[in-house]
Colleague: 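Below are the structure tokens for one structure; questions will follow.
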Protein chains: 2
Amino acid sequence: MKRVSIKDIAQAVGVSTALVSYVLNNKEKEARVGQKIAEVIRLKAKELGYQPNQIAKSLKTGRSQTIGLIVADISNPFFANIARTIEDEAKKYNYTVIFGSSDEAADKSQNLINILLERQVDGFIIAPTEGSEEQIRSLQEQHIPFVLIDRYFPEISTNFVVTNNYQASYHAVKHLARSGRRKIAMIAYKSGLVHMKEREKGYLDALADSGMESGQGLVKEISYNFIQQEVGEVMGQLMKDHPDIDAFFFGSNALSMGGLRFLNRNNYRIPDDVSVVCFDESEAFDLFYAPLTFVNQPLLEMGKEAIRILAGQISDRAAALEQVFVDSALIVRTDK
Amino acid sequence: MKRVSIKDIAQAVGVSTALVSYVLNNKEKEARVGQKIAEVIRLKAKELGYQPNQIAKSLKTGRSQTIGLIVADISNPFFANIARTIEDEAKKYNYTVIFGSSDEAADKSQNLINILLERQVDGFIIAPTEGSEEQIRSLQEQHIPFVLIDRYFPEISTNFVVTNNYQASYHAVKHLARSGRRKIAMIAYKSGLVHMKEREKGYLDALADSGMESGQGLVKEISYNFIQQEVGEVMGQLMKDHPDIDAFFFGSNALSMGGLRFLNRNNYRIPDDVSVVCFDESEAFDLFYAPLTFVNQPLLEMGKEAIRILAGQISDRAAALEQVFVDSALIVRTDK
DNA sequence: ATTTGCGATTTAAACGATTAAGCCTATATT
DNA sequence: AATATAGGCTTAATCGTTTAAATCGCAAAT
């Protein structure tokens, strides 16, 4: 029950494998293949149910038509949605995607990169973890095409597609200020990565520009691995130290979930006791008793851009770097 | 800047590629390779930063160490979570996973299968769509290892890992009955697939066993592609026709989300106006004002089993079929 | 009549590995 | 001394493709 190869077709038709290859790759013109024999070959291929062996093809051509997608966690809705857009876009360019979750750990990320390199992926789309700078540099040195997504390293010039974290945060917090909040806390997660730093900076600057006291003591950072536990403790402490906090800005979807859960459990009413703005969307917001304002990231656009840039780099390694900042919109929800 | 191959190592050390291959694959014993030269080879490989070319390896061995995962939609939290467990489990068996979303469409599913076959995946894990029976049969005829997940076809004997849909539904609805609900409606989605049929059957039987009138008129089916629109219309109509409905049983996570949104929008209070039980979990439930009872599917176990079975089939194509029903538990939430 | 050119096809090397089989040499066995 | 055995290594075929180069008629041009 061997699969049928180009050789089988060649034998069945009585020609060389070269001819079959030319025809099946639509290179008849360039290779000057006869019209009638081309038809015969095509027919026979269909008849035998030929399916090209992409592995053999890859070995010969040096292109696997595969891209590696490395995210923090595919089960996180943000990344799952990104993955979906990337899947769809990749298909348009005839790429297939292999994914892996790094859990924000540099060693896992390195491990994934290695595995994917061994599989000869043509390029990567990576949401880089903290401490993965060297991995990224190494990809560059090896001239492996890649596009960073969601985060990037300012000190390394690479392709990337990220949201305008600073502005988005700034506007989000400004919105809270404008609606009369005077003591706004932020829950971020502990990370040296710019995306989080920028969100914090946007928050701080918005406070300053709104004539509020510095938010330094009001930004709390949570460890990625213990979000659900820590967020409660941290917010509890915050509220104890600053009973006059009247708003929270959550820096990611997971933080929002944890934070809102805490507020529910402790019977803080939104927006009467505290207002809330979340960075990133969640379908859970729809079920919340209060309308929630959030920063909406254009996932589809991010996926599209990432693939477009990556495809460009793959087909032309000398292509210019592209650094795309997409605009996230603040979706203001006040009434039902 | 070519990548280094086994040939480069062989040349650098001054031996044949065969020797290098034996050493790097830890076949020194069987191949009686000398101790010292083995060390030299290993060192040189490290020094040159050798990374095996899995593509070449695959071509020769006929094993790609890759599995194809086909789900309805990777952005759906249920499948995203499944994907994560499968990723982790697959890694333990040294497999890498390529995924694709079928959108419950048989043609897309077929297309994905073809693409993955061309890529020589060693096996599949598939959440089959309605109407994909022939595709599944065809895989069988080609002796391609696969495991169905979440759904299966009773008339085709295949490996599968599914939850005990009937029982889970039955218990869920029984629970509603026991807590005093007398008119329970179910929102399902339109599908000939057994998983949904079984959920409906469990619902109907639970009603009958609880001495309620037949639920026939109270099961409504929604098209997969228009869940969010239709669910509102359908539930609105239901409530109009049967103002005495006092509970809803939602057949999937997407249906639950849509349904709860509808109830919120129309100011039905839970559980005072109507009670609700959802099939499948959602992190959104945590933010809902009322505690929600739901059917919890053991995703980790499902992923583990699927990979275990698949790996078994790959290494021994004559392995016996395995049909696993995992137990979903009803998580009853009454108080905060 | 010879060359040129062109269309149609084949040849064969290559991609990077794996692996059965063969070839030495040196030591052990009889 | 002759033979067997084992250890250490190489040879070469192979996996299924792609593709540059070679080949081969045959008609047109000189």
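All chains are named by letter (A, B, ...) in the order of the sequence lines, taking the proteins before the strands, and each is independently numbered beginning at 1.
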Colleague: Short question: side chain of B/Arg119, backbone of B/Ser64 - any donor-acceptor pair under 3.5 Å?
Modeller: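 No; zero donor-acceptor contacts below 3.5 Å.
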Colleague: Report yes if the side chains of B/Gln120 and A/Gln54 come closer than 4.5 Å at any heavy-atom pair, otherwise no.
Modeller: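 The answer is no, as the side chains (C-beta and beyond) never meet within the 4.5 Å cut-off.
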Colleague: For DNA chain C, which residues of residues 46-57 of chain B approach it to below 4.0 angstrom with any heavy atom?
Modeller: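 DNA chain C contact set from residues 46-57 of chain B: B/Tyr50, B/Pro52, B/Asn53, B/Ala56, B/Lys57.
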Colleague: Starting at atom NZ of A/Lys29, determine the distance to atom P of C/dT9, rounded to an integer number of angstrom.
Modeller: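 About 14 Å, once rounded to whole Å.
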Colleague: Roughly what angle, to 10°, lies between the helix axis at the start of the helix from C/dA1-D/dT30 to C/dT30-D/dA1 and the one at its end, five pairs per end?
Modeller: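 Computed from the C1' atoms at both ends, the axes differ by 70°.
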Colleague: For a quick test of reading the model: is some side-chain N or O of B/Ser5 closer than 4.0 Å to OP1 or OP2 of C/dA17?
Modeller: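 For B/Ser5, the contact criterion (side-chain N or O under 4.0 Å from OP1 or OP2 of C/dA17) is met.
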Colleague: Does B/Ser109 reach the main-chain N or O of B/Thr129 with its side chain, forming a donor-acceptor pair under 3.5 Å?
Modeller: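 Looks like no, no N/O pair under 3.5 Å.
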Colleague: 5'-most contact on DNA chain D: B/Leu59 or B/Ala38, nearest heavy atom basis?
Modeller: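 The residue closer to the strand's 5' end, by nearest nucleotide, is B/Ala38.
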Colleague: Around atom CD of A/Gln35, are there more than 12 heavy atoms from other residues, nucleotides or ligands closer than 6.0 Å?
Modeller: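 Counting neighbours around CD of A/Gln35, 12 or fewer heavy atoms of other residues, nucleotides or ligands fall under 6.0 Å, so no.
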Colleague: Classify the side chain of B/Tyr22 versus the base of C/dA20 as yes if they form a donor-acceptor pair under 3.5 Å and no if they do not.
Modeller: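 Such a pair exists between side chain and base.
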Colleague: I want to verify a distance call: between C/dT18, C/dC15, C/dT9, whose nearest atom is closest to the A/Lys60 side chain?
Modeller: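 Looking only at heavy atoms from C-beta outward on A/Lys60, the closest nucleotide is C/dC15.
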Colleague: Judged by modelled atom types alone, do A/Asp103 and A/Ser101 share a side-chain donor-acceptor pair under 3.5 Å?
Modeller: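 Distance-only check fails for A/Asp103 and A/Ser101.
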Colleague: Evaluate the ring planes of B/Tyr152 and B/Phe160, with Trp represented by its six-membered ring, and classify them as parallel (under 30°), tilted (30 to 60°) or perpendicular (over 60°).
Modeller: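 B/Tyr152 vs B/Phe160 ring planes: parallel.
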Colleague: Taking B/Gln135 for the side chain and B/Ala106 for the main chain, is one N or O donor matched with an acceptor at less than 3.5 Å?
Modeller: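 Looks like yes, one N/O pair under 3.5 Å.
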Colleague: A/Ile37 has an atom CD1; how far is it from atom C1' of C/dT10, in whole Å?
Modeller: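 Result: 13 Å.
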Colleague: Using only atom types and a distance under 3.5 Å, with no angle test, would you say the side chain of B/Asn159 pairs donor to acceptor with the backbone of B/Gln323?
Modeller: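 Side chain of B/Asn159 to backbone of B/Gln323: no pair is present.
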Colleague: Among C/dT11, C/dT19, C/dT18, which nucleotide sits nearest the side chain of B/Ile6?
Modeller: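 Selected nucleotide (nearest to the side chain): C/dT18.
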Colleague: For the pair made of CG in A/Leu117 and P in C/dG16, what is the distance, rounded to whole Å?
Modeller: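 The answer, rounded to whole Å, is 15 Å.
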Colleague: Using whole Å, report how far CZ of B/Arg3 lies from C1' of C/dC15.
Modeller: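 Result: 13 Å.
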Colleague: For B/Glu30 and C/dA20, what is the distance between atoms CD and C1' respectively, to the nearest whole Å?
Modeller: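 Rounded to the whole Å, the gap is 14 Å.
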Colleague: With a 4.0 angstrom cut-off to heavy atoms of chain A, pull out the first and last contacting nucleotide of DNA chain D, in 5'-to-3' order.
Modeller: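 The footprint of chain A covers D/dG16 to D/dA20.
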Colleague: By the 4.0 Å heavy-atom rule, please label A/Leu19 as base, sugar-phosphate, or nothing.
Modeller: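 Base: the residue A/Leu19, judged by heavy atoms under 4.0 Å, touches a nucleobase.
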Colleague: Between B/Lys36 and B/Thr61, name the one whose nearest nucleotide on DNA chain D is closer to the 5' end.
Modeller: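 The residue whose closest nucleotide sits nearer the 5' end is B/Lys36.
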Colleague: Report the C-alpha distance between B/Arg137 and B/Glu155 in whole Å, list the side-chain angles of each, state the deciding distance to 0.1 Å, and finish with yes or no for salt bridge (charged side-chain N to carboxylate O under 4.0 Å, His left out).
Modeller: CA-CA 11 Å; B/Arg137 285 221 174 78; B/Glu155 71 275 22; 5.1 Å; no
Colleague: Checking B/Ser138 against B/Glu134: is there a side-chain donor and acceptor pair closer than 3.5 Å?
Modeller: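 No - no donor-acceptor pair under 3.5 Å links their side chains.
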Colleague: Counting N and O atoms only, with roles assigned by atom type, does the side chain of B/Arg151 sit under 3.5 Å from a partner on the main chain of B/Pro128, one being a donor and the other an acceptor?
Modeller: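 Yes, B/Arg151 side chain to B/Pro128 backbone: donor-acceptor pair under 3.5 Å.
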Colleague: Which listed nucleotide (C/dA12, C/dA8, C/dT18) is nearest to the side chain of B/Thr17?
Modeller: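 Closest nucleotide to the B/Thr17 side chain: C/dT18.
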Colleague: Expressed as a whole number of angstroms, how long is the span from A/Glu118:CD to C/dG16:P?
Modeller: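 In whole Å, C/dG16 P and A/Glu118 CD are 15 Å from each other.
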Colleague: Between B/Asn25 (side chain only) and B/Lys27 (backbone N and O only), is there a donor and an acceptor less than 3.5 Å apart?
Modeller: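 No, B/Asn25 side chain to B/Lys27 backbone: no donor-acceptor pair under 3.5 Å.
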Colleague: What is the separation between atom NZ on A/Lys27 and atom P on C/dG7, rounded to the nearest whole Å?
Modeller: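 For the pair A/Lys27 NZ and C/dG7 P, the rounded distance is 19 Å.
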Colleague: Check the distance between C/dG16's C1' and A/Arg63's CZ and give it to me in whole angstrom.
Modeller: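 Atom CZ in A/Arg63 sits about 18 Å away from atom C1' in C/dG16.
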